[in-house]
Number of protein chains: 2
Amino acid sequence: MLIFRTVARAGSISAGARALGWTQPAVSQHLQALEREAGGPLLVRGAGGVDLTEAGRRLLVHADAVAAHLDAAGAELDDLAELRGGSARLAAFPSGSAVVVPAALAALAAEAPDVEVGLVECEPPEAIGLVRSGSVDLALVFGYEEDRAEESLVAVPLGDDPVRLVLPPGGPGVPRSLAELADEPWVAGCERCRGHLVACAGRSGFAPRVRHVTDDYVVVQALVARGLAVAVLPETALTAFRHPDVRVAELPELGSRRIDVLHRRGIERVPAVAALLGALRHARPPA
Amino acid sequence: MLIFRTVARAGSISAGARALGWTQPAVSQHLQALEREAGGPLLVRGAGGVDLTEAGRRLLVHADAVAAHLDAAGAELDDLAELRGGSARLAAFPSGSAVVVPAALAALAAEAPDVEVGLVECEPPEAIGLVRSGSVDLALVFGYEEDRAEESLVAVPLGDDPVRLVLPPGGPGVPRSLAELADEPWVAGCERCRGHLVACAGRSGFAPRVRHVTDDYVVVQALVARGLAVAVLPETALTAFRHPDVRVAELPELGSRRIDVLHRRGIERVPAVAALLGALRHARPPA
DNA sequence: GTCGGCCATAAGCGATGCTTGGGGGGTGGA
DNA sequence: TCCACCCCCCAAGCATCGCTTATGGCCGAC
């Protein structure tokens, strides 16, 4: 149909063929095929070119409209491919939303200002559900050694986030091992973080007394700052917010949590998603 | 692109293939090709089917529009092919316009009421020009033996139109040959008709004295009815109008004129034109 | 764990669709 | 009037395209 359009504009089959870079019989055959399925002649072959029949004139109107839509579609797809538009949706856990995501989004906005990114803050289990259902494209999640990786989703490692000890102010020095804190009351976070604490404590031979439960790292530090408990928090959470009164100690046995970006297989080839993923990786290079 | 549309509606490549009556790999390959020229993924393959990417959703909008235009074009072309619309333009000489054309148009209107026919009344030379330039599709023309056929145009014979002698009332019987009228004053018509008269007279050994010139057969008969001249007129003109006072005589040596429909090669396959041509042939079957 | 659905890949082969070569037809100029 | 050019169609050859069958990976459900 686009061939027909070219010929109609050129005024002759030969001229149309030249415009298309083809030979004249090729174009002629296409037009014959088109006329066959149209059920009647579309153009009258005459001296010095062709004239459109009424059917041809009607078809030309639609052919122009189709060509316009094809052009528009091509332009839109080009825009998307070259990041002059498009969007990506991201789910991220709280401290990641506070540290990694703003940096990544700022970098992405600088290099691709027309890409729109939507953020949903939620804990990893929910984030995984959102990725599976297609509600978001990427999920910034964390996991500990004891957590097993999500199958059927692609995990892009963004590095390790070491877990730190968070102690009240003015205490008696820094403990050398977790076992020294066996009798302290604890603040624990979400289920997975609590699991990690319990696992580490178990390796040190005790079961922590979890007195407070909150996954809000500001609340955790507020409690610790008042001397009501001790806690562990990942480095990232402490980067996001650091209460001036708490003391932070490194303790190798606390290990670290993995920070990954999860996504469905294949979606990483969507330009806007790829750009966001790249920005996230750049904001936190794999350790 | 229409394949993509089907798949997007069906929700999976396999379902789309079933809807199209194809196999799954065929559809899959088409989509890969489409994604290749789109420059990015259009759909994300996942469990239980595919989800559209943003590019896919945008493309789908245009694909729907394109499909709508294709459907509309198909419907219009079907209408034209089956005579539920369309038009044809006809040029015809005066007496033909008065006799053959109305009959043909009435018959055509009865069997294809939605076909519009435009009539231009003019003499054959002008009609031929209109056909050549494409201003009309068909031309009802006449010609005598001495006129040569138009080259490069198709002539469909509609029969012969015998030439009659038109005599004033109350004359002395019917002449047995044209030579008996050698001394009469004549009314002659258009150039070709006058040429035919002169040729016939020449074969009878005289040159007619042409006193009046008009190609209007009503005027011719009015002059003859008043006894001002004698004339020849084709049978068709006398069918269109017959002055009550003139006498009409058959004279074999006057011969006849051919009545043809002329058209450009190929245009007879346009449905509306074919219908009009058929109606003309039916209204005046070839003699 | 196994089954069933979904998708991708690979190989085979018929069909599509391009090309070159030749001929008919019409027009304009020598 | 004839020739030359341009237009188009037709036929044959052949590469490519595109569909098919067959197979394997992946995932979710029973």
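None of these values were measured; they are calculated from a predicted model. Below, chain A is the first sequence line, B the second, and so on; all start at residue 1.
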Ionic contact status for A:R58 with B:D79, cut-off 4.0 Å: no

Nearest-nucleotide 5' precedence on DNA chain C, B:Q29 against B:G46: B:G46

Check whether any side-chain N or O of A:R89 sits under 3.5 Å from a backbone N or O of A:S135 as a donor-acceptor pair, and report yes or no. yes

Between the base of C:dT9 and the side chain of B:Q32, is there any donor-acceptor pair under 3.5 Å? no

Whole Å only: how far is the CZ atom of B:R265 from the C1' atom of C:dT27? 15 Å

To the nearest Å, how far apart are B:Q24 CD and D:dC26 C1'? 13 Å

Less than 4.0 angstrom between a side-chain N/O of B:H30 and OP1 or OP2 of D:dC19, yes or no? yes

Start at the 5' end of DNA chain D and walk down; is the nucleotide closest to A:S28 or to B:G21 reached first? A:S28

Among side-chain atoms of B:R284 and B:T236, is any donor-acceptor pair under 3.5 angstrom? yes

Does B:D114 come within less than 4.0 Å of B:R84, counting only side-chain N to carboxylate O? no

Report the distance from atom CG of B:D51 to atom C1' of C:dC7, rounded to the nearest whole Å. 14 Å

Whole angstrom is fine here: how far is it from CZ in A:R269 over to C1' in C:dA8? 13 Å

Has the side chain of A:S12 got a donor or acceptor atom that lies under 3.5 Å from a matching backbone atom of A:V50? no

What's the closest nucleotide to the side chain of B:R45 if the choices are C:dC7, D:dA12, D:dC9? C:dC7

To the nearest angstrom, how far is B:R132 atom CZ from C:dG25 atom P? 15 Å

Pick base, sugar-phosphate or nothing for A:G49, based on heavy-atom distances below 4.0 Å to the nucleic acid. sugar-phosphate

According to a strict under-4.0 Å criterion, is B:S14 in side-chain N/O contact with OP1 or OP2 of C:dC7? yes

Please figure out whether A:T23 or B:G11 has its closest DNA chain C nucleotide nearer the 5' end. B:G11

Distance in angstrom units between B:L34 CG and D:dC17 P, rounded: 17 Å

Of the candidates D:dT21, D:dC7, D:dC9, the side chain of A:P25 sits closest to D:dC9

To the nearest angstrom, the CH2-C1' distance between B:W22 and D:dC17 comes to 12 Å

DNA chain D: A:S152 or A:L43, which has the more 5' nearest nucleotide? A:L43

For B:L2 and D:dG18, what is the distance between atoms CG and C1' respectively, to the nearest whole Å? 17 Å

